[in-house]
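Down below is the structure, laid out as structure tokens.
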Amino acid sequence: MDDGGARGRRAVVSWAVSVALFAGALGGGVLSPSGAASGQAAAPAASGRAPDVELSLGGAARTVEAAGYFTGVVTSYRAASADPAVVSASASGSTVTLTARGAGSTTVTVTAANAGGSAAQAFAVKVLPAGCVVELGALAAGSVTTKTGSWVRGDGCRSVHRAAGQPGYSARYYSFTVTEPLEAWFRLSSSESRRLYLLEGAGTGGRVLDSAGTPRAASASLWEALQPGAYTLEATTYYRNREGDFSVSIDSMALSPPAACTASLGTLAAGSVTAKTGSWDRGDGCRSVHFPNSRSQRYFARYYAFTVAEPLEAWFRLSGAQGKYLHLLEGAGAGGV
């Protein structure tokens with residue numbers, strides 16, 4: 001045996017090392033099976049259903065806040081109209097603006113995207129012909145606004161809320177805003193049977209706040225206390241496939257008399273006579289708080305506040321050409337008992 005030769009040769013040894021990488025160990029990263037970088041957001045997902053929208057040709061553009069209809073991280077939004085001749089759509093951030101271009105119906109698709117992918121939501125947009133929605137602006141306390149119109153079957157101005165939006169019911173819409181608390185009396189008069197809806201928000205698709213109208217009533221009327229905001233009246237036929245002329249009036253008044261409606265007389269002095277003159281004018285918003293509440297009439301008032309420093313007897317007289325009524329109230333201001 002040549003032991004010295006064996007000792008002079010290197011031994012050959014086979015070995016293997018297994019290395020397990022754990023996320024976060026020594027700052028190393030873990031590749032996903034797809035090879036995507038760690039931490040990349042998943043694609044957005046559609047959530048719920050974006051509501052359909054109605055516009056009026058020539059009316060104001062409408063906006064839809066798209067963020068509420070997607071979940072996940074969104075880095076960009078896009079909006080596209082299937083028929084730009086009916087409505088144009090654009091996105092600025094998550095706000096989608098819809099502008100009427102022509103009467104008809106189409107679909108708008110909103111796409112939310114990030115580096116991981118995208119998701120889309122589609123909703124219907126209907127553009128009513130010009131004249132279906134009339135803008136009244138801001139209601140002024142003490143004013144009466146009157147508009148006339150016609151129900152015509154062929155003009156495309158249809159009711160959204162009569163009989164759950166079934167076809168055959170003509171309508172006109174009157175949008176307005178309220179900038180201070182008001183009470184308003186709405187009337188719809190016509191030789192044709194009629195139905196009146198008060199809607200929340202501007203445009204045709206708002207939630208119904210109240211409604212009135214029966215086949216045999218002389219008019220449809222609503223009385224409402226309104227807080228600041230946007231509202232719309234929907235005036236529609238009671239029966240299907242009817243035509244006719246109509247008039248709508250809005251009689252608005254401040255819920256509480258303005259401060260200018262109350263004059264201060266100071267302290268009453270024994271042996272004195274205090275006299276004041278005034279006028280009742282519906283345009284100044286000075287309404288009666290205490291006369292019997294009637295929703296078919298308006299009652300106007302003036303208020304005179306005073307103090308008494310010692311026990312007194314007082315004789316109050318109210319004279320005027322109109323029928324008149326006098327209230328003595330406890331405390332200063334119009335709201336006393």
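- The two residues Val248 and Ala235 have their closest heavy-atom pair at CG2-CB, 4.1 Å.
- At least one side-chain heavy atom of Ser143 sits less than 4.5 Å from a side-chain heavy atom of Ser252.
- Val134 and Leu198 fall within the same hydrophobic cluster, where Ile, Leu, Val, Met, Phe, Trp and Tyr residues are linked whenever their side-chain heavy atoms come under 4.5 Å apart, directly or through other members.
- Between His327 and Phe291, the two ring planes are perpendicular [angle over 60°; tilted spans 30° to 60°].
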Report all side-chain donor-acceptor pairs from residues 272-281 shorter than 3.5 Å, counting only partners two or more places apart or in another chain.
residue : atom : partner : partner atom : Å
Ser272  : OG   : Ala269  : O            : 2.6
Asp281  : OD1  : Gly283  : N            : 3.0

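- Contact of the Leu329 side chain with the Val289 side chain is not registered, since no non-hydrogen atoms from C-beta on lie closer than 4.5 Å.
- Residues Ser211 and Tyr197 have side chains in contact (heavy-atom distance under 4.5 Å, counting atoms from C-beta outward).
- The OH atom of Tyr299 lies 15.0 Å from the NE2 atom of His290; values are rounded to the nearest 0.5 Å.
- In this structure, the side chain of Arg195 does not engage the main chain of Thr236 through any donor-acceptor pair within 3.5 Å.
- No more than 12 heavy atoms of other residues, nucleotides or ligands shown are found within 6.0 angstrom of OH on Tyr325.
- One distance of note links CG of Leu222 with CG of Asp210; it measures 5.0 Å at 0.5 Å rounding.
- Rounded to the nearest 0.5 Å, atoms CG (Leu233) and CD1 (Ile250) are 5.0 Å apart.
- Taking every heavy atom of both residues into account, Arg298 and Asp251 meet most closely at NH2-O, 2.7 Å.
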*asked:* Working note: Ser81 + Ser88, criterion side-chain contact (heavy atoms from CB on, under 4.5 Å); need CA distance, chi angles, decisive distance, verdict.
replied: CA-CA 6 Å; Ser81 172; Ser88 63; 5.9 Å; no
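- Taking the side chain as every heavy atom from C-beta outward, Val133 and Thr204 approach each other to under 4.5 Å.
- For the residue pair Ser249/Thr146, the side-chain donor-acceptor check at 3.5 Å is not satisfied.
- One hydrophobic cluster holds both Leu312 and Phe306 under the rule that ILVMFWY side chains link at heavy-atom gaps under 4.5 Å.
- Separating the CG atom in Leu196 from the CZ atom in Phe186 is a distance of 8.0 Å, to the nearest 0.5 Å.
- Residues passing the side-chain contact (heavy atoms from CB on, under 4.5 Å) test with Arg49 are Asp52, sequence neighbours excluded.
- Between Asp245 and Thr148, the closest side-chain pair of non-hydrogen atoms is not below 4.5 Å.
- For the pair Leu209/Glu224, no side-chain contact is recorded, criterion being any heavy-atom separation below 4.5 Å from C-beta on.
- The distance from the CZ atom of Arg162 to the OH atom of Tyr239 is 8.5 Å, given to the nearest 0.5 Å.
- Here the CE atom belonging to Met253 is positioned 9.0 Å from the SG atom belonging to Cys286, to the nearest 0.5 angstrom.
- The two residues Pro215 and Ser193 make their nearest non-hydrogen contact at O-OG, 3.1 Å.
- Side-chain N or O atoms of Asn114 include one that pairs as donor or acceptor with a backbone N or O of Val73 at under 3.5 Å.
- Taking each heavy atom of Ser190 and Trp151 in turn, the nearest pair found is OG-CZ3, 3.5 Å.
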*Can you list the steps and then say if Val178 with Tyr231 is a side-chain contact (heavy atoms from CB on, under 4.5 Å)?*
CA-CA 8 Å; Val178 171; Tyr231 301 88; 4.0 Å; yes
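- Nearest heavy atoms, Ala100 versus Val87: N-CG2, 4.3 Å.
- Between Gly206 and Leu199, the shortest heavy-atom contact is O-CD2, 3.9 Å.
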Which atom pairs, donor and acceptor, lie under 3.5 Å between side-chain atoms of residues 164-174 and protein residues at least two apart or in another chain?
residue : atom : partner : partner atom : Å
Gln166  : OE1  : Arg240  : NH2          : 3.1
Arg172  : NH1  : Ser150  : O            : 3.4
Arg172  : NH1  : Asp155  : OD2          : 3.0
Arg172  : NH2  : Ser150  : O            : 3.4
Arg172  : NH2  : Asp155  : OD2          : 3.0
Tyr173  : OH   : Arg158  : O            : 2.9
Tyr173  : OH   : Val160  : N            : 3.0

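- Side chain to side chain, Ser175 and Thr232 meet the donor-acceptor criterion of an N or O pair below 3.5 Å.
- The shortest distance between side-chain heavy atoms of Gln227 and Leu255 falls below 4.5 Å.
- A 4.5 Å side-chain heavy-atom check between Arg153 and Thr237 finds every atom pair outside the cut-off.
- Under the ring-ring contact (aromatic ring centres under 6.0 Å, His included) criterion, Phe70 pairs with no residue at all, not counting sequence neighbours.
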*side-chain contact (heavy atoms from CB on, under 4.5 Å) between Leu98 and Val64: does it pass, once the steps are laid out?*
CA-CA 8 Å; Leu98 307 172; Val64 175; 4.1 Å; yes
Sequence neighbours left out, cut at 3.5 Å: what donor-acceptor pairs do the side chains of residues 116-123 make with other protein atoms?
residue : atom : partner : partner atom : Å
Gln121  : NE2  : Ser47   : O            : 3.3
Gln121  : NE2  : Gly48   : O            : 3.0
Gln121  : NE2  : Tyr69   : O            : 3.1

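- Considering only residues two or more places apart in sequence or on other chains, Arg242 meets the side-chain hydrogen bond (donor to acceptor under 3.5 Å, both in side chains) condition with Glu192.
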